[in-house]
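Since this is a predicted model, take the numbers as computed values, not measurements. Chain identifiers are assigned alphabetically (A, B, ...) following the order of the sequence lines, protein sequences preceding nucleic acid strands; residue numbering begins at 1 within each chain.
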There are 2 protein chains.
Amino acid sequence: MAAAAQYVTTENSALDAPENLPDPLPEPLIGELQLEDVMGALADPLRLTIVRKLMLESDSYDHTCGWFGFDRPKSSLTHHFKALRQAGLIRQRQYGLERRSRVRTEDLNDRFPGLLDLVASWHEA
Amino acid sequence: MAAAAQYVTTENSALDAPENLPDPLPEPLIGELQLEDVMGALADPLRLTIVRKLMLESDSYDHTCGWFGFDRPKSSLTHHFKALRQAGLIRQRQYGLERRSRVRTEDLNDRFPGLLDLVASWHEA
DNA sequence: TGCTATGTTCGAGATTACTCGTACAGACCA
DNA sequence: TGGTCTGTACGAGTAATCTCGAACATAGCA
């Protein structure tokens, strides 16, 4: 994988939602998204599953790490969620104890149109 | 990256071309293409460049390893071309001394529609 | 205060990938 | 026969990644 983009904390507390959400964790800006990083992040079956499940089964809102029901140690999950966030695939916000994730659908469709469709049509092995 | 698919030598000497081409080197069949392998292969800038250049500048036919003009040792190039072939992104045929490559456009568009468009619209860093 | 639940950070070990030099193989040609 | 040119195979060193255990941090609650 290529070098990750530098992080910038985006401030949009009152812009993208009526309710004031917690600020997102550090993530690359839209213009900093790198195709090679995104590809590298999706080169792992577990991470592919995370993004796909978030896209298709996330009824209304962000989901916690435990919502996925993976039988893996917590530190492993932290690792993969962090990889997805640093590549720009998901946005994470801290809600008290829980850290909830959502797919950066708008940004990704804007920058890499068709990419999320590939993930959605992926059938797990 | 996930485990690579098993190889099968496809025999299509008289099917896909009027002229009889040399048989392709071992490569995964269409049904064996794995999204995570493809993503992993495209997670490298040099390999992204290879596929993109083959797509956009390959006027009529397959191209050799040296056509790209990379300033890298030969063994490194072999490594990356092999990675692309094993992931199913390119097809390689042996023409005497030269090993020529082309993108598996039809297969990829059939299996992962939109993927090659992402590669084509990639701007190199 | 103490317990529980969520998730992080750190570090180690194992595995995989990348890079490259060297040696080798085969086709072509003088 | 010998030289050149294309590209492979193998191995070593380096770097990155994956996986996981252990210890830690914090919010909520009784």
Between [atom2] of [N] and [atom1] of [X], the distance in whole Å:
{"X": "B:Leu25", "N": "D:dG7", "atom1": "CG", "atom2": "P", "value": "12 Å"}
{"X": "A:Glu36", "N": "C:dA17", "atom1": "CD", "atom2": "C1'", "value": "17 Å"}
{"X": "A:Asp44", "N": "C:dT16", "atom1": "CG", "atom2": "C1'", "value": "13 Å"}
{"X": "B:Leu48", "N": "C:dC18", "atom1": "CG", "atom2": "C1'", "value": "17 Å"}
{"X": "A:Asp71", "N": "D:dC20", "atom1": "CG", "atom2": "P", "value": "9 Å"}
{"X": "B:Lys82", "N": "C:dC18", "atom1": "NZ", "atom2": "C1'", "value": "14 Å"}
{"X": "A:Glu98", "N": "D:dC29", "atom1": "CD", "atom2": "P", "value": "12 Å"}
{"X": "A:Trp67", "N": "C:dG7", "atom1": "CH2", "atom2": "P", "value": "13 Å"}

For A:Arg52, give me all partners under side-chain hydrogen bond (donor to acceptor under 3.5 Å, both in side chains), at least two apart in sequence or on another chain.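 Residues passing side-chain hydrogen bond (donor to acceptor under 3.5 Å, both in side chains) with A:Arg52: none at all.
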Check whether any side-chain N or O of [X] sits under 4.0 Å from OP1 or OP2 of [N], and answer yes or no.
{"X": "B:Arg100", "N": "D:dG7", "value": "no"}
{"X": "B:Arg99", "N": "D:dT8", "value": "yes"}
{"X": "B:Ser76", "N": "C:dC20", "value": "yes"}

Can you name the side chain to side chain contact (heavy atoms under 4.5 Å, CB included) partners of [X], sequence neighbours left out?
{"X": "B:Asp117", "value": "none"}
{"X": "B:Thr78", "value": "none"}
{"X": "B:Ser121", "value": "none"}
{"X": "B:Lys82", "value": "B:Arg85, B:Gln86"}

Let me know which of A:Asp44, A:Thr49, A:Val51 forms a side chain to side chain contact (heavy atoms under 4.5 Å, CB included) with A:Arg47. A:Asp44
Which nucleotide, C:dG21, C:dG7, D:dG7, lies nearest any side-chain atom of B:Thr78? D:dG7
Between A:Glu57 and A:Trp67, is any pair of side-chain heavy atoms under 4.5 Å apart? yes
Has the side chain of B:Ser75 got a donor or acceptor that lies under 3.5 Å from a partner of the other kind on the base of C:dG21? yes
Suppose we screen for ring pair (Phe, Tyr, Trp, His ring centres under 6.0 Å). Which residues come up paired with B:Tyr95, at least two apart in sequence or across chains? none
Estimated bend of the helix from C:dT1-D:dA30 to C:dA30-D:dT1 (axis per five terminal pairs, rounded to 10 degrees): 10°
Could you tell me whether A:His79 contacts a base, only the sugar-phosphate backbone, or nothing, with contacts defined as non-hydrogen atoms closer than 4.0 Å?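 If one applies the 4.0 Å heavy-atom cut-off, A:His79 turns out to touch a base.
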What are the atom names and distances for every N/O pair under 3.5 Å that joins the protein to nucleotides 24-28 of chain D?
none

Could you work out, with salt bridge (Lys or Arg N to Asp or Glu O under 4.0 Å) as the rule, every residue matching B:Arg111, not counting sequence neighbours?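 B:Arg111: no salt bridge (Lys or Arg N to Asp or Glu O under 4.0 Å) contacts found.
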